[in-house]
**Student:** 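Pasting a structure here, questions to come.
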Amino acid sequence: MNINEEHDARVRSAAFDWLTEQVSLHGDVLPRSVLSEGFTFDGARVPLVAPQGIFKPAIMETPLTITTSPNSPYEDVIGQDDLLQYRYRGTDPNHRDNVGLRFAMKENLPLIYFHGLVSGRYLAWWPVYVVRDRPHDLAFSVALDDAIHSNLFSRSEEISIELTTVRREYAVAVARRRLHQRAFRERVLRAYRNQCAFCRLRHTELLDAAHIIPDSEPEGEPVVNNGIALCRLHHAAFDRYFLGVRPDHVIEIRSDILAESDGPTLRHAIQGLHGMPVILPNALQDRPSREFLARRYDRFVELASTR
């Protein structure tokens, strides 16, 4: 396969810059609509996703992105060797998409990886490198790297040397943590219809998934009924026990906070919640566990008594 290396590098660099801008606007979980629209390069539109998982935009000769959709028939996972196992397109090793990834492996071309968390929402990670072809498993092994080390205009030999084991292990640890956290957030926000359960704020950029039982504890699992969708202010207030949620889903403000005299934020955003019901998910299985709420509320009462 012959390619215009300079053109290829310029398009990849533009894609990385565009993704950096989108992450600054949306966070690192991006809407599929944004990725499908993509950006403009030299007058041509460059989308970053398509129905197929291995994607080459029309203005390029080699793949730019690989995607695992939320409903993918393939089980793409990070294995014990700290490499992402990315399945072939179909079962034919010589399918043009598989040939394209094999060429990317040979040339150490940096790719973008999108991991679908829920329908229409994708965690973005770049650059990644195809490092091994496994035709017996109908899969490629893909190494995750850090964006600051993707020198698109270096020779491929230099990139291979630079991709050290230590850095790869660090990148994988970060990726696993992000996947864990972002998947939990996306599922909780979707259950709560993308609004704060206390104040109804609907700007998703300002929403978090708060754990009822903290994830630092053995039972603090990333399951929807151990989460509540909260805006940043109310998440902080919940974590610091300024307020609690009773098992009957009613908000209770700590007595010393209720007694404070301050500006409108405290009066309306915190004190005004006292005695108000929590907005709940429609699906019963997604609603906060009463057992978890009771344990959290007991802790709230205990701490409040020491104030």
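All residue numbers in this chain count up from 1 along the given sequence.
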**Student:** Under a 3.5 Å distance rule, please check whether Asn4 uses its side chain to pair with a backbone N or O of Glu6 as donor and acceptor.
**Tutor:** yes

**Student:** Using the rule that two of Ile, Leu, Val, Met, Phe, Trp, Tyr join whenever any of their side-chain heavy atoms come within less than 4.5 Å, decide whether Leu273 and Val250 are in one cluster.
**Tutor:** no

**Student:** Would you say Arg45 has more than 12 foreign heavy atoms packed within less than 6.0 Å of its CZ?
**Tutor:** yes

**Student:** Indicate yes or no for a side-chain donor-acceptor contact from Arg232 to the backbone of Glu205 under 3.5 Å, with no hydrogens or angles considered.
**Tutor:** yes

**Student:** Give the minimum heavy-atom separation between Tyr129 and Asn108, together with the two atoms involved.
**Tutor:** CE2-O, 3.3 Å

**Student:** Does Glu221 offer a backbone N or O that forms a donor-acceptor pair with the side chain of Asn226 under 3.5 Å?
**Tutor:** yes

**Student:** Would you compute the distance between atom CD1 of Ile213 and atom CG of Asp215 and round it to the nearest 0.5 angstrom?
**Tutor:** 11.5 Å

**Student:** Quick one: does any side-chain atom of Ser289 pair with a main-chain N or O of Phe292 as donor and acceptor, under 3.5 Å?
**Tutor:** yes

**Student:** Between His234 and Ala269, is there a donor-acceptor pair closer than 3.5 Å when you use the side chain of the first and the backbone of the second?
**Tutor:** yes

**Student:** For the residue pair His211 and Glu217, establish whether any side-chain heavy-atom pair is separated by less than 4.5 Å.
**Tutor:** no

**Student:** Looking only at non-hydrogen atoms, find the nearest pair between Arg287 and Asn282 and report the distance.
**Tutor:** NH2-O, 3.7 Å

**Student:** Quick check: do Ser119 and Arg190 have side-chain heavy atoms less than 4.5 Å from each other?
**Tutor:** yes

**Student:** Checking Arg193 side chain against Leu280 main chain: does a donor-acceptor pair fall under 3.5 Å?
**Tutor:** yes

**Student:** In terms of relative ring orientation, are Tyr88 and Phe140 parallel, tilted or perpendicular, with 30° and 60° separating the classes?
**Tutor:** tilted

**Student:** With heavy-atom distances below 4.5 Å as the criterion, would you say the side chains of Leu48 and Leu19 are in contact?
**Tutor:** yes

**Student:** Which distance, rounded to the nearest 0.5 Å, do you find between the OG1 of Thr20 and the CG of Leu25?
**Tutor:** 11.0 Å

**Student:** Working to the nearest 0.5 Å, report the span between NE2 of His203 and SG of Cys196.
**Tutor:** 12.5 Å

**Student:** Look only at the side chain of Asp133 and the backbone of Arg102, and say whether a donor-acceptor pair between them is shorter than 3.5 Å.
**Tutor:** no

**Student:** Judged by atom type as modelled, is there a donor-acceptor pair below 3.5 Å linking the side chain of Arg290 to the main-chain atoms of Pro247?
**Tutor:** yes

**Student:** Counting C-beta onward and ignoring hydrogens, is there a side-chain heavy-atom pair between Trp125 and Arg178 closer than 4.5 Å?
**Tutor:** yes

**Student:** Roughly how far, to the nearest 0.5 Å, is the CG atom of Asp8 from the CD atom of Glu5?
**Tutor:** 8.0 Å

**Student:** Is there a side-chain contact between Phe114 and Leu123 in this structure, where contact means two heavy atoms from C-beta onward sitting under 4.5 Å apart?
**Tutor:** no

**Student:** If you define the side chain from C-beta out and look only at heavy atoms, does anything of Leu266 sit under 4.5 Å from Glu260?
**Tutor:** yes

**Student:** Under the side-chain contact (heavy atoms from CB on, under 4.5 Å) test against Leu111, which residue among Val130, Thr65, Val142 passes?
**Tutor:** Val130

**Student:** So that I can tick it off, tell me whether Asp286 and Arg187 are bridged by a salt bridge, with the cut-off set at under 4.0 angstrom between side-chain N and carboxylate O.
**Tutor:** no

**Student:** Between Arg87 (side chain) and Asp137 (backbone), is there a donor-acceptor pair under 3.5 Å?
**Tutor:** yes

**Student:** When you measure from the side chain of Gln271 to the backbone N and O of Ile257, does any donor-acceptor pair fall under 3.5 Å?
**Tutor:** yes

**Student:** Using 0.5 Å steps for rounding, measure from the CH2 atom of Trp18 to the CG atom of Leu35.
**Tutor:** 5.5 Å

**Student:** Do Ile54 and Asn98 have side chains that get closer than 4.5 Å, going by heavy atoms?
**Tutor:** yes

**Student:** If we only count heavy atoms from C-beta on, is the Leu101 to Ile66 side-chain gap below 4.5 Å?
**Tutor:** yes

**Student:** For the residue pair Arg254 and Phe242, would you count it as a cation-pi contact if the rule is NZ or CZ under 6.0 angstrom from the ring centre and within 45 degrees of the ring axis?
**Tutor:** yes

**Student:** So how far is it from Arg246 CZ to Glu252 CD, rounded to the nearest 0.5 Å?
**Tutor:** 5.5 Å

**Student:** Do the charged groups of Asp28 and Arg182 touch, with an N to O distance under 4.0 Å?
**Tutor:** yes

**Student:** Looking only at heavy atoms, what is the nearest atom pair of Ile253 and Phe300, with distance?
**Tutor:** C-CZ, 4.1 Å

**Student:** Could you verify whether a donor N or O on one side chain and an acceptor N or O on the other, from Tyr113 and Thr68, lie under 3.5 Å apart?
**Tutor:** yes

**Student:** Ring of Phe238, cation from Arg296 - is the NZ or CZ under 6.0 Å from the centre and inside 45° of the axis?
**Tutor:** yes

**Student:** Check the side chains of Arg12 and Thr62 for a donor-acceptor pair under 3.5 angstrom, ignoring hydrogens and angles.
**Tutor:** yes

**Student:** Got more than 12 heavy atoms from elsewhere within 6.0 Å of NE2, His136?
**Tutor:** yes

**Student:** Report yes or no: do Val118 and Ile228 belong to one cluster of Ile/Leu/Val/Met/Phe/Trp/Tyr joined by side chain heavy-atom distances under 4.5 Å?
**Tutor:** no

